[in-house]
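Okay, structure first, notes after.
Letters go in sequence order (proteins before strands), and every chain restarts at 1.
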2 protein chains.
Amino acid sequence: MSKLQEMVAALPAEPCCPALTERELTAEEAELTAAMFKALGDPVRLRLFSKVASHPDSEACVCDIADVGVSQPTVSHHLKKLKEAGLLASERRGTWVYYRVEPAVLAAMGRLLTPAPAKAA
Amino acid sequence: MSKLQEMVAALPAEPCCPALTERELTAEEAELTAAMFKALGDPVRLRLFSKVASHPDSEACVCDIADVGVSQPTVSHHLKKLKEAGLLASERRGTWVYYRVEPAVLAAMGRLLTPAPAKAA
DNA sequence: TGACAACATAGACGTATGTCGAAGCTTCAG
DNA sequence: CTGAAGCTTCGACATACGTCTATGTTGTCA
């Protein structure tokens, strides 16, 4: 189990962190959250994630998404990173390996980016 | 002007990209969007951004947020990165420099992370 | 003008990251 | 029991990144 996964497992509850606009993150929260953003901070990984996310049931075989312009080992490497960040889960079904997005994590990240409420003028 | 800022300026409209779950991103979209996630993918930058975002009017002087455990030049370096990614804007007011979050960009990123609609069972 | 405060830039350095080809592991068809 | 397909792991390499100290720049105030 990756270090990040341990951190995730040790978290109090599902909603990891408050919106970035609500209060400043603690160092620990920032460490955890930054790792998730970092995972999406590579063009190849972002495309892979988007390919999985936009598939039916948010799930896809590696063979369905591997066409992103890099070698197959590199694809595998990036999928591993996404998995370690908690964004994807994988499961082997016969010859193929399927990756699926973790909807709760996606929602949590979206919540982080909630814009600040408009100030009373 | 940074290369990224040029890319941003060349974009068609405000809402950069569809939700990641809607359709797969093109290589170009992924390049642009990954740069934004990457900017938030460092713990120090994420804390700086959060500090600015959680200040009144989503605006803060460097001196108000510089206490994140790294040297002053490093803070300046990270703020520059956030600015180049289009997440912050800066303005000098006398002796101090104020950084402000770009609300539209924050909202656009949040939209990217919209979870997929639940499939009909 | 000079001194100081607030930030930014420059240069250097160690580490992390993205990429590849080669080799290894699983599973299934024959 | 092969052999092949699908994926992962390994090892190597160039580049990018985060950090620091030293130095610039810009503005204020006496």
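Summarising the geometry, the separation between CD1 on A:Ile65 and P on D:dG6 is reported as 14 Å, rounded to the nearest angstrom. Rounding to whole angstrom units, CG of residue B:Leu88 and P of C:dA8 are separated by 11 Å. The CG-C1' distance, from B:Leu82 to D:dG18, rounds to 13 Å in whole Å. Atom pair A:Leu79:CG and D:dT9:C1' shows a separation of 14 Å (rounding to whole Å applied). Between B:Asp67 atom CG and C:dA6 atom C1' there is a gap of 16 Å when expressed in whole angstrom units. Rounded to an integer number of Å, the gap from A:Glu91 CD to D:dG6 P is 19 Å. The NE2 atom of A:His78 sits 14 Å away from the C1' atom of C:dA16 (whole-angstrom rounding). Atom CG of A:Asp42 is separated from atom C1' of D:dC17 by 14 Å (rounded to the nearest Å).
At the phosphate of C:dA8, neither OP1 nor OP2 sits under 4.0 Å from any side-chain N or O atom of B:Lys80. For C:dC7, the OP1/OP2 oxygens have no side-chain nitrogen or oxygen of B:Ser76 closer than 4.0 Å. Contact between the side-chain N/O atoms of A:Tyr99 and the OP1/OP2 oxygens of D:dT8 is found at a separation under 4.0 Å. Side-chain nitrogen and oxygen atoms of B:Lys38 include none within less than 4.0 Å of the OP1 or OP2 phosphate oxygen of C:dT17. Between D:dC20 and B:His77, no contact under 4.0 Å exists linking OP1 or OP2 to a side-chain N or O. Under 4.0 angstrom from either OP1 or OP2 of D:dT25 there lies no side-chain N or O belonging to B:Arg92. For C:dT19, the OP1/OP2 oxygens have no side-chain nitrogen or oxygen of A:Ser71 closer than 4.0 Å.
Proximity of a side-chain donor or acceptor of B:Arg93 to a complementary backbone N or O of B:Thr95 within less than 3.5 Å is not detected. In this structure, the side chain of B:Arg45 engages the main chain of B:Ala39 through a donor-acceptor pair within 3.5 Å.
Among the nucleotides D:dT8, C:dG21, C:dC28, the one closest to any side-chain atom of A:Thr95 is C:dC28. When distances are taken from the side chain of B:Pro73 to each of C:dC7, D:dC7, D:dA22, the shortest belongs to D:dA22. Closest to the B:Lys81 side chain, of the nucleotides D:dT8, C:dG18, D:dG18, is D:dG18. Taking only side-chain atoms of A:Gln72, from C-beta outward, the nucleotide of C:dG21, C:dT17, D:dC7 with the closest atom is D:dC7. Distance from the side chain of B:Trp96 is smallest for C:dA6 among the nucleotides C:dC20, C:dA6, D:dC7.
Note that the CD atom of B:Glu59 and the CG atom of B:Asp64 stand 10.0 Å from one another [nearest 0.5 Å]. One distance of note links CG of A:Leu20 with CG of B:Leu46; it measures 5.5 Å at 0.5 Å rounding. The CZ atom of B:Phe49 lies 15.0 Å from the NE2 atom of B:His78; values are rounded to the nearest 0.5 Å.
Among the protein residues, A:Arg45 comes within range of the sugar-phosphate backbone only, with heavy atoms under 4.0 Å from sugar or phosphate atoms but none that close to a base. A:Val44 comes within 4.0 angstrom of sugar-phosphate atoms only, judged by non-hydrogen atoms across all strands, and of no base.
Residues A:Leu112 and A:Phe37 have side chains in contact (heavy-atom distance under 4.5 Å, counting atoms from C-beta outward).
If A:Val70 and B:Val75 are placed on DNA chain C by their nearest nucleotide, the residue sitting closer to the 5' end is B:Val75. Taking for each of A:Arg93 and A:Gly41 the nucleotide of DNA chain C with the nearest heavy atom, the 5'-most of the two is the partner of A:Gly41.
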